[in-house]
Amino acid sequence: MAFLPVLPADATVLDVLKTFPEPAGPLVDYHQVVLRGPSELTVAERELIAAFVSALNSCRYCRGVHEAVAERFGIEHGVLAALLADLATAPVRDAMKPLFAYVRKLTVTPGRMTAADAEAVLAAGWQERTLYDAVSVCALFNLMNRIVEGLGVRAPDDDYFAVAARRLSRDDGFADYRGLVPRAHDHDA
């Protein structure tokens, strides 16, 4: 149940975005750039990072939505659970494991990040921009998890994740959401 009276009791992220359009517009635009823009990481890999960070933060809503999106883009069912259980044996390509270790540490103990953490990612063959992309996904979902949990946004049921994943896996990505969020001046009128 949503914590703010202005939101419907069964509020989704889209309800939050529509209710608060001033910050929502740039936030949706940032989702589009970080999750669908050019990157050495595939859309599926970025969505999996989003789900991984969300799981570490115990955000069921974002975990469920982005795990379902990752699966629609080709990640096999069960990969997220395997990553959470044991990163070393998870069925992801070996080069991804230092990235997941990095975002796990950045999410759980951000004050303990060191140059050695970045060096491990770069030693796995990733470009500096790719580490930046992974950090951006991590940061975005640490923010989104707090918005969702802080406002009491909950998925009505597990079927919701598939519905949201269908919308977010369209060719236009988050542009569809952007079109549903009123411009700030429209909201105030």
Side-chain angles (χ1 to χ4, degrees), residues 13 28-145 148 155 158 160-177:
V13 167
V28 173
D29 293 341
Y30 191 62
H31 275 76
Q32 181 69 21
V33 170
V34 169
L35 294 171
R36 299 295 184 274
S39 177
E40 187 177 8
L41 296 170
T42 68
V43 169
E45 290 166 339
R46 286 177 277 170
E47 288 287 348
L48 185 58
I49 292 169
F52 181 71
V53 168
S54 298
L56 293 172
N57 284 322
S58 300
C59 182
R60 181 180 173 274
Y61 184 99
C62 292
R63 173 194 176 153
V65 168
H66 293 281
E67 180 178 24
V69 174
E71 289 174 1
R72 285 188 66 92
F73 279 100
I75 299 295
E76 297 216 11
H77 181 74
V79 170
L80 177 60
L83 281 166
L84 293 164
D86 184 5
L87 185 58
T89 62
V92 296
R93 56 189 171 122
D94 287 340
M96 288 297 295
K97 292 176 184 182
L99 276 174
F100 280 104
Y102 195 96
V103 298
R104 177 179 56 204
K105 185 174 181 181
L106 184 57
T107 298
V108 177
T109 57
R112 294 187 179 155
M113 298 303 297
T114 67
D117 298 314
E119 289 164 7
V121 172
L122 300 175
W126 295 109
Q127 301 295 314
E128 290 178 16
R129 171 60 195 253
T130 308
L131 177 55
Y132 176 82
D133 292 345
V135 167
S136 296
V137 174
C138 178
L140 175 59
F141 279 87
N142 274 288
L143 169 67
M144 289 307 299
N145 297 162
V148 166
D158 286 348
Y160 175 80
F161 301 138
V163 171
R166 276 193 300 278
R167 171 177 268 165
L168 292 175
S169 60
R170 293 180 187 156
D171 288 341
D172 59 359
F174 289 86
D176 183 43
Y177 271 63

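No experiment lies behind these values; they were computed from the predicted model shown. Throughout, numbering of the chain's residues begins at 1 and tracks the sequence.
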Which atom of Val103 lies closest to which atom of Ala134, heavy atoms considered: CG1-O, 3.8 Å

Min side-chain heavy-atom separation Leu99-Leu41 under 4.5 Å: yes

Steps toward side-chain contact (heavy atoms from CB on, under 4.5 Å) verdict (Leu84, Leu56): CA-CA 8 Å; Leu84 293 164; Leu56 293 172; 4.0 Å; yes

Parallel, tilted or perpendicular: rings of Phe100 and Phe52 (30°, 60°): perpendicular

Closest non-hydrogen atom pair between Glu47 and Val69, with its separation: CD-CG1, 3.4 Å

CA sep, side-chain torsions, deciding dist, call: Thr107, Asn57, side-chain hydrogen bond (donor to acceptor under 3.5 Å, both in side chains): CA-CA 8 Å; Thr107 298; Asn57 284 322; 5.2 Å; no

Smallest separation among heavy atoms of Val43 and Arg36, with atom names: CG1-NH1, 3.6 Å

Report all side-chain donor-acceptor pairs from residues 73-80 shorter than 3.5 Å, counting only partners two or more places apart or in another chain.
residue : atom : partner : partner atom : Å
His77   : ND1  : Glu71   : OE2          : 3.1

Minimum heavy-atom distance Arg166-Arg170, with the two atoms named: O-CG, 3.5 Å

Parallel, tilted or perpendicular: rings of Phe174 and His66 (30°, 60°): parallel

side-chain hydrogen bond (donor to acceptor under 3.5 Å, both in side chains) evaluation trace for Ser169 with Arg72: CA-CA 7 Å; Ser169 60; Arg72 285 188 66 92; 2.7 Å; yes

Verdict with reasoning, Glu40 to Glu45, per side-chain contact (heavy atoms from CB on, under 4.5 Å): CA-CA 10 Å; Glu40 187 177 8; Glu45 290 166 339; over 6 Å; no

Arg104 and its side-chain contact (heavy atoms from CB on, under 4.5 Å) partner, picked from Leu87, Val53, Thr109: Leu87

Whether Asp117 side chain and Thr114 backbone form a donor-acceptor pair below 3.5 Å: yes

Over all atoms of both residues, closest heavy-atom pair of Tyr61 and Phe161: O-CE2, 3.7 Å

Donor-acceptor contact present, side-chain Lys105 to main-chain Arg112, <3.5 Å: yes

Stepwise side-chain contact (heavy atoms from CB on, under 4.5 Å) test for Cys138 and Tyr102: CA-CA 9 Å; Cys138 178; Tyr102 195 96; over 6 Å; no

Inter- and intrachain pairs under side chain to side chain donor-acceptor pair (under 3.5 Å), touching residues 118-129, at least two apart: Arg129-Asp133

Residue from Val34, Leu83, Val137, Leu140 passing side-chain contact (heavy atoms from CB on, under 4.5 Å) with Ile49: Val137

Contact summary for Ala70 and Ala44, nearest pair of heavy atoms: CB-O, 3.9 Å

Partners passing salt bridge (Lys or Arg N to Asp or Glu O under 4.0 Å) against Arg60 (at least two apart in sequence or in another chain): Asp158

